[in-house]
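Right, one structure below, let's go through it.
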Protein chains: 2
Amino acid sequence: MAQDATDTPSAPGPVVRRATIKDVAEMAAVSRSTASRALTGRGYVAEGVRSRVLAAAEKLGYVPDATARHLKQQVSLSIGVLVSDLRNSFYAELAAGAGRASREHGYSMMLADDGGLVDDEAGAAEAFVALRVAGVVVTPVSRAVTDYLRRHGIPAVEVDRQFAPDECDAVVVDNRAAARRVTEQLTGLGHRRIALFIDETDWTTGRDRYWGYRAALDAAGIQEDPSYVVSSGWDIETAYNAALRLLDTASRPTAVFAANNVLAEGVWRAAAQVKLDIPGDVSVVSFDDVPWMSMVTPGVTAVAQDAATLGSTAVDRLLRRISAPAEPPAVDVIPVDIIQRGSVAPPRGT
Amino acid sequence: MAQDATDTPSAPGPVVRRATIKDVAEMAAVSRSTASRALTGRGYVAEGVRSRVLAAAEKLGYVPDATARHLKQQVSLSIGVLVSDLRNSFYAELAAGAGRASREHGYSMMLADDGGLVDDEAGAAEAFVALRVAGVVVTPVSRAVTDYLRRHGIPAVEVDRQFAPDECDAVVVDNRAAARRVTEQLTGLGHRRIALFIDETDWTTGRDRYWGYRAALDAAGIQEDPSYVVSSGWDIETAYNAALRLLDTASRPTAVFAANNVLAEGVWRAAAQVKLDIPGDVSVVSFDDVPWMSMVTPGVTAVAQDAATLGSTAVDRLLRRISAPAEPPAVDVIPVDIIQRGSVAPPRGT
DNA sequence: CGCCGATGTGACATCGTTCCCACACGCCAT
DNA sequence: ATGGCGTGTGGGAACGATGTCACATCGGCG
C-alpha cells in the first residue's frame, strides 16, 4: 500500500529523445543561433563551423521540427486537399496529381475525404484551419467551405465543381462544351430519344452538363422529354434502379448520356441486367473516363477529364495565389478528350 | 531615392489577423491561462467566466493552432499514411479506410504516395518525421522506412506488405492460403497448365502468393513448369506483353492466376487482343478485386481483399500502439473472400 | 481569531525554431 | 587614436498554447 510507483519508475523512460537543434549546437560547440544559420543557410557562418554543425546534425539524425518552424515563421509547408470520395477513381487520380505537385514544390499533403457530405466538409475545413495549412484544394459540395476558409485567411482553390466563381480561384473543365459535343455525336448519328442521367441539374457541373445536353438537343431540333432526364443522385444503386425502369419500357431511349462515372456504372449494369445490346439496342456515352470503361466490351465512349492534371494544376494555382494574394481570382480550364470506343452506333432502323 | 517603403507602407497589411487565445482572453477580460482552461475544460473556471470566454471565442472565430499545441504538448494529432500508388484502387480504398478511421479518432491524415520507389518512400518518411506525426501507416517497399521511423521514435504499422515481421505491427491478409484456395479451385476443375503472373517471388506478398500457388500444384501432383511463372514487375504494359507471348502459343496455359489487379488487367487485355474466349479457352482468376472485374463479361473470379478494412484496421492498431508502446508487435490478419464470377470453367475437353 | 480547504485566477516558464540585435574581432582609412 | 566596415558569433525575444505554481478570496470550524 505504501509502495509508490513514482519511487521506483519501472518504465525505462523515453528511450529515444529526439535530437533538437540545441543538441546539435552543443555537439558542435556553438550556439543555437549559429547552428540554425548553418543548417538553414541564412546569415554568416564560417566554413569550418558550418561543416562541424552539419556533421553533428548528421550524426544525431537531426530532422528539424516542422511544427516549431511553422510556429515561428508563421508559414506552413502543408497544403490541404479535400475530395468527395477517394474510392471514386476520379477523385483518387485528382488527389494523386495534387500530391505529386505538392511534393514537387516541397509541400506535404493533408488529405481528407468528405463523402460528399456538407457536415464532413465543414469538419475537414476546420481541421485544415487548426493545422494552419498554407492553402486548400477542394472539390466543394457547398459554398460554405471556401467562405469559411477565406474568413480564416486561408487561400483555397475549387476544382471540378465551382461554387464561388468570383471570389475564388478554380480549376475546371468546360463541362458544357464537352457535354454538348458528346451529345451532338449522338444526334449526329440520328438518335432522337436520348436520355440523360445526372446527379442534379442546378449546380456547377450538373447544371453545365445539363445545359450542354440541352444545347445539343436544341441544335438538332429535338424537343426535350423530361422523362428522359433522370436526376438520380450520387449512388450507383439509385442510378441502377432508375436505369432499369427506363430501359425496360417500349419507349426506351436509343441512347444514354451518363453525366459521371458512377451513373455510367449504374446504367451499364442495368443494361446488362435487361440484356440490352450495346450499342445495338442502346448507345452509351459517359462523362469521366475510368478504368473499367476500357476493359468492358464494347468499350464506353467517354469524355476523359485528366483528373491528375486537374489536381496538379489546382496546386500550382494555389501556390501562385499564396505568393500573390492580391491578384484577382483566376480560372484554369483544362481541356478534355472524347475517347471513342465501341458503345456508340446509329439507332436501329437507320 | 530617399523615399523609403517603410515610411509609407503601401500594402494594406494583414487584412485578417487570425485570432489567438490572447485575443479571446482580452475580449473576455481574463488572462490567457483562464481562457485556456475555459476552452480546454481542464482546471477550475467559474461558470460565468467560462461562458464569457466561449462567447468571445465564438465571436472571434477562434480556432486553436494545432501546431502550437503540438509543440507545447509534444503530442501530435496527425498520422501519416504512405501508399504505393493512389491511382490503383486497392491503395485508394486503403487510404480511404485509413482516413475515415483517423478522423473518427480525431486525427488528421497526411497522405503521400511513393510510386513504389524506395527513394520517394524515404523522402516521404522524412517529411513525416519533420511533421512529427503521431504514427505512420505504410505499404512498404523496403525495410528502410520502418527502421528509419523507429530510429526517430515514430510508431509504424505495415499494411499489405510486411518487411519487419518481428519488430513492427502489421495488418495483412493470409496471402498464401488465399492463393492456394484460388489455385486449388483451378486444379479441382482439372486444370494442369496453370500460369502465374506475379510481380516478384522473393518478398512478402509475392513470395506468399507464389507459395500458395505452389502448394496447390503440389497437392494436385502437378510439376511446376517455370515457363508458366511470369515475374512481370509492376506495370500493365509488361504484363500485357508477357501475356501476349504466353497466350499466343500452342502450349498456352488453360488457366491464369494473376497475383494482383495490375497484372490481371494486362492478362485480360492480352486475352482480348488474341481473341481468346474466357473462360472457354482460358480461365482467369485474380488477386485483388477491383471495380472493372465486376463490370466485364464474364466477371473475373477474384480474391477480394477489403482494402478499406486493411486501412482502418491499420490505423486502429497504430493508435493502440501509441497508447501502449511497450507491448510486443502484433499482426492482424484480415479475412478475404473469393468472389466467384464467370471467368472460371473446366479446361476444354474435360 | 486564526486556520483550513475549496474554489478561482493570473504570472510565468516552456516546447523547438528562427532571427533581430548587440557585440567582438581584424583591417583599413582617416 | 578613432571610426567604419566586413565578417562572424551568441543572447534572447518571439511564435501560440498549456500547465505549474503561487496567490486571492470566501465560508466554516475549532
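Atoms considered below: every heavy atom in the structure, side chains included; atoms not considered: hydrogens, waters and symmetry mates. Numbers restart at 1 for each chain; the letters A, B, ... are given by sequence-line order, proteins then strands.
For A/T34 and D/dG10, the shortest distance from a side-chain N or O to OP1 or OP2 is below 4.0 Å. Applying the 4.0 Å criterion to OP1 and OP2 of D/dA17, one finds that B/Q73 has every side-chain N and O outside that range. In this model, the phosphate group of C/dT18 is approached by a side-chain N or O of A/S36 to a distance below 4.0 Å at OP1 or OP2. Between B/Q74 and the phosphate of C/dT14, there is no side-chain N or O to OP1/OP2 separation shorter than 4.0 Å.
With rounding to whole Å, A/I21 atom CD1 is found 15 Å from D/dG12 atom C1'. What separates OH of B/Y44 from P of C/dT7 is a distance of 5 Å, to the nearest Å. If you take CZ of B/R132 and P of D/dA17, they are 21 Å apart, rounded to a whole angstrom. With rounding to whole Å, A/H70 atom NE2 is found 9 Å from D/dC15 atom C1'. Put simply, CG on A/L39 is 13 Å from C1' on C/dG16, counting in whole angstrom units. The interatomic distance linking B/R42 (CZ) with D/dA17 (P) rounds to 14 Å, in whole Å. D/dT20 atom C1' lies 11 Å from atom CZ of B/R37, rounded to whole Å. Regarding A/Y62, its OH atom lies at a distance of 7 Å from the C1' atom of C/dG16, rounded to whole Å.
For A/A29 and A/K72, each mapped to the nucleotide of DNA chain D holding its nearest heavy atom, the one lying further toward the 5' end belongs to A/A29.
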- [ ] List the steps, then state whether salt bridge (Lys or Arg N to Asp or Glu O under 4.0 Å) holds for A/R317 with A/D332.
- [x] CA-CA 8 Å; A/R317 171 128 317 276; A/D332 291 311; 2.8 Å; yes
TODO: Starting from the C-alpha separation in whole Å, work towards a yes-or-no answer on salt bridge (Lys or Arg N to Asp or Glu O under 4.0 Å) for A/R321 and A/E327.
DONE: CA-CA 8 Å; A/R321 167 68 48 205; A/E327 309 243 306; over 6 Å; no
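Nearest to the side chain of B/L71, among C/dG10, C/dC15, C/dT17, sits C/dC15. Minimum atom distance to the side chain of B/R32 is reached by D/dT18, of the listed C/dG8, D/dT18, D/dT9. Proximity note for A/T20 (side chain, C-beta onward) versus D/dT18, C/dT9, C/dG16: the nearest is C/dG16.
In terms of modelled atom types and a separation under 3.5 Å, the side chain of A/E158 and the main chain of A/F163 share a donor-acceptor contact. Of the possible donor and acceptor atoms, none in the side chain of A/R37 sits under 3.5 Å from a partner among the backbone N and O of A/G43.
Nucleic acid contact for B/T67: none, since no nucleic acid atom lies under 4.0 Å from a heavy atom of the residue. Within 4.0 Å (heavy atoms only), A/S33 reaches at least one base atom of the nucleic acid.
Contact record, B/G48 with B/S51: O-OG, 3.0 Å, taken as the closest heavy-atom pair.
The base of D/dG16 has none of its N or O atoms less than 3.5 Å from a complementary donor or acceptor on the side chain of B/R18.
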